[in-house]
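Numbering starts at 1 and runs along the sequence shown.
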Amino acid sequence: MATITVRGLEDSVKRAIAEQARAHGRSMEAEVRHILTESMQRQRRNIGAAFLDTFQDLGGVEVEVPSRSQRRRVPEFE
């Protein structure tokens with residue numbers, strides 16, 4: 001697991017995170033992890049939605065999925 005340090009955070013933001021953490025029954029650290037994780041997951045979903053919206057307006061996209069025998073093999077590491 002990675003560790004990050006956030007400097008220069010406004011006191012009001014820290015207080016808001018502390019209040020939100022208390023409301024959710026989490027530590028501040030756990031609350032910040034939750035906020036960051038949710039934000040990144042939402043961003044990934046938004047990227048997918050943007051692709052869908054773009055291609056939907058263009059009439060869609062046909063994607064050929066190769067059969068299993070045509071797919072490149074990825075080496076397995078032990």
>> Show the nearest heavy-atom pair for residues Glu31 and Ile17, with the distance to one decimal.
In response: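 Residues Glu31 and Ile17, closest heavy atoms: CG-O, 4.1 Å.
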> Nearest heavy-atom pair of Ala21 and Ser27: which atoms, and what distance?
Replying inline: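 The answer is CB-O, 3.7 Å.
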>> Could you measure the distance from the CZ atom of Arg26 to the NE2 atom of His34? Nearest 0.5 Å is fine.
In response: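 The NE2 atom of His34 is 4.5 Å from CZ of Arg26, to the nearest 0.5 Å.
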>> So Ile4 and Leu36, do their side chains get closer than 4.5 Å, heavy atoms only?
In response: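 Sidechains of Ile4 and Leu36: in contact.
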> Among all residues two or more places apart in sequence or in another chain, which pass the side-chain hydrogen bond (donor to acceptor under 3.5 Å, both in side chains) test with Glu19?
Replying inline: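 Glu19 satisfies side-chain hydrogen bond (donor to acceptor under 3.5 Å, both in side chains) with no other residue.
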>> Glu29: which residues meet the salt bridge (charged side-chain N to carboxylate O under 4.0 Å, His left out) condition with it, sequence neighbours left out?
In response: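 In terms of salt bridge (charged side-chain N to carboxylate O under 4.0 Å, His left out), with neighbours along the sequence ignored, Glu29 is linked to Arg33.
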> Would a hydrophobic clustering, with Ile, Leu, Val, Met, Phe, Trp and Tyr connected at side-chain separations under 4.5 Å, put Val13 with Met28?
Replying inline: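 Same cluster: Val13 reaches Met28 through Ile, Leu, Val, Met, Phe, Trp or Tyr contacts under 4.5 Å.
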